[in-house]
Amino acid sequence: MNTPVIDCHLHDYLEVACVYRYQVRVTLKNGRTLTGTACDLVSEQGQEFLLLDSQTRVALLELTTLDVLTPGAQFETVRFDS
């Protein structure tokens, strides 16, 4: 059985955010927002997560938007819901 994943081009934005440790605000499908420093992408039990501030795991499939709050970043907003 294939595990759903996000599109590769969207994954690339998350990787850039982690490499540069961008301060971000993520909005989830349930409307909740979280703010923190993008630290890493981790995979556990077939599911991928964005790690914020080295402790908060956010399931990539739950993301609707990622807003970069860091001035001068390479991008500002990424939309995950199509």
Rounded distance (nearest 0.5 Å) linking atom [atom1] of [X] with atom [atom2] of [Y]:
| X | Y | atom1 | atom2 | result |
| --- | --- | --- | --- | --- |
| T65 | L28 | OG1 | CG | 8.5 Å |
| L52 | D40 | CG | CG | 11.0 Å |
| I6 | E48 | CD1 | CD | 6.5 Å |
| E62 | F80 | CD | CZ | 12.5 Å |

Among T37, L41, V24, side chain to side chain contact (heavy atoms under 4.5 Å, CB included) partner for C18
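When T37, L41, V24 are each tested with C18, the side chain to side chain contact (heavy atoms under 4.5 Å, CB included) holds only for L41.
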Exactly one candidate in L50, T77, T27 meets side chain to side chain contact (heavy atoms under 4.5 Å, CB included) with L66; the answer is L50
Answer yes or no: is there a donor N or O on one side and an acceptor on the other, between the side chain of [X] and the main chain of [Y], under 3.5 Å?
| X | Y | value |
| --- | --- | --- |
| T70 | Q23 | yes |
| Y22 | Q74 | yes |
| D7 | H9 | no |

**Message:** Membership question, hydrophobic clusters at under 4.5 Å side-chain separation (ILVMFWY): are L51 and V19 in the same one?
**Reply:**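 V19 does not cluster with L51.
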Check whether any side-chain heavy atom of [X] sits under 4.5 Å from a side-chain heavy atom of [Y], and report yes or no.
| X | Y | value |
| --- | --- | --- |
| H11 | L60 | yes |
| L63 | L10 | no |
| T33 | D67 | no |

Test log, rule side-chain contact (heavy atoms from CB on, under 4.5 Å), inputs V68 and E76: CA-CA 5 Å; V68 178; E76 293 179 7; 5.5 Å; no
Which atoms form the tightest heavy-atom contact between [X] and [Y], and what is the distance?
| X | Y | value |
| --- | --- | --- |
| T56 | L34 | CG2-CD1, 4.3 Å |
| L69 | R25 | CD2-NH1, 3.7 Å |
| C39 | S54 | SG-N, 3.4 Å |

CZ/F49: more than 12 non-hydrogen atoms of other groups inside 6.0 Å
yes
